[in-house]
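Input: a single structure, listed below in structure tokens.
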Amino acid sequence: MEATIITIMALLFLSFVALGVFVTVKVAKAAKRGVDRTLDQARRTVEDTTLRAKSLGQTGAAGELARLRLSLRTSMRATQEALQAGVGEDASLKESLDLFHRLTAHGLELDADLKRLEREPDRAWVAGQLPDLAARTERITGSADALRRAARDRALKFAEDDLSTLSEQIDVEAGALRHWTGPEATPGTARAAGTGAGAGAQDAATADGWGQPAGPAGQAGPRAAGEQPAITAPDPRRTAYPWEKSARPETTT
């Protein structure tokens, strides 16, 4: 019994140790990825700043190479960020992102060539290579810009369609909330309503309060004005109510 308890405790201890090692490794890898990402971003920022300074401060082949590299890096980075941000909402951009990955291989190759030519001592030969390098840069950046603009136009179109549909639904809901307001009455309808009201008032004037026709002209109701109407009690022998039973005939025995 004691041996079993010791074995269980040893297994639990080993499990906790293995779990601790696993968590430590995962945290270390995540921290390393974060540090690498920060270093890459800092390195890109330094390179972009250096290229911008060279493109503005240097002339000739060196300045043109820096301008081509800066244009290539700016266009590729903007397109990558736009596609990666939109693929989560629009699955159709996944194919565009795959095409961009293939284009990235050509962009990295061109950037490596431009970077290698920056250290080339023969500036005359570098100047002769510039037209071909500029054409390659223009083709790659043009393709990247086309993908980025198409993705942006697609997102704007979807947003516009969704806004139009939402506006129509809101208009319908607003009309339903104003259900008490109807079309205004037309003049013909108003005259017909006035004629009906006048006829109803005239008919009411020709009848007394008991619904009987009025008396001779000049009298209002069953008696002339100023005379109190006489109220005659109904004959109980002639009045039958539905809840009363008929009286049984008297029998003589």
Determine, stepwise, if the pair Asp98 / Lys94 fulfils salt bridge (charged side-chain N to carboxylate O under 4.0 Å, His left out).
CA-CA 6 Å; Asp98 294 337; Lys94 186 177 183 302; 3.8 Å; yes

Verdict with reasoning, Lys157 to Asp161, per salt bridge (charged side-chain N to carboxylate O under 4.0 Å, His left out):
CA-CA 6 Å; Lys157 177 61 177 176; Asp161 293 343; 3.5 Å; yes

Evaluation steps, side-chain contact (heavy atoms from CB on, under 4.5 Å), between Ile140 and Met76
CA-CA 9 Å; Ile140 294 175; Met76 297 295 287; 3.9 Å; yes

Worked check of side-chain contact (heavy atoms from CB on, under 4.5 Å) between Thr24 and Val27:
CA-CA 5 Å; Thr24 303; Val27 171; 5.9 Å; no

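For the atom pair NZ (Lys115) and CG (Leu51), the distance works out to 9.0 Å, reported to the nearest 0.5 Å. For the atom pair CG (Asp111) and OG1 (Thr104), the distance works out to 11.5 Å, reported to the nearest 0.5 Å. To the nearest 0.5 angstrom, Leu166 atom CG is 9.5 Å from Asp171 atom CG. Between atom CD of residue Gln129 and atom CG of residue Leu65 there is a gap of 10.5 Å, rounded to the nearest 0.5 Å. Atom-to-atom distance recorded for Arg149:CZ and Leu156:CG is 13.5 Å, nearest 0.5 angstrom. If you take CD on Glu138 and OG on Ser71, they are separated by 7.5 Å, rounding to the nearest 0.5 Å.
Residues forming a side chain to side chain contact (heavy atoms under 4.5 Å, CB included) with Val172 (at least two apart in sequence, or on another chain): none.
Taking a 6.0 Å sphere around CZ of Arg139, one finds it holds 12 or fewer heavy atoms contributed by other residues, nucleotides or ligands. Environment of NE2 in His106: sparse, with no more than 12 heavy atoms of neighbouring residues, nucleotides or ligands closer than 6.0 Å.
Residues Ser75 and Arg148 share a closest heavy-atom pair of O-NH1, 3.5 Å. The two residues Ala61 and Arg123 make their nearest non-hydrogen contact at CB-O, 4.4 Å. Shortest non-hydrogen contact noted between Gly107 and Leu72 is O-CD2, 3.5 Å. When all heavy atoms of Leu83 and Ala151 are compared, the closest pair comes out as CD2-CB, 3.9 Å. Contact record, Trp125 with Glu120: CE3-CG, 4.1 Å, taken as the closest heavy-atom pair.
Side chains of Thr137 and Arg69: no donor on one and acceptor on the other come within 3.5 Å.
Residues Leu133 and Leu117 meet the side-chain proximity criterion, which asks for heavy atoms closer than 4.5 Å. Under the 4.5 Å side-chain criterion, counting only non-hydrogen atoms from C-beta, Asp122 is not in contact with Val126. Between Lys54 and Glu118, some side-chain heavy-atom pair lies under the 4.5 Å cut-off.
If you chain together hydrophobic residues whose side chains sit under 4.5 Å apart, Leu68 and Leu110 fall into the same group.
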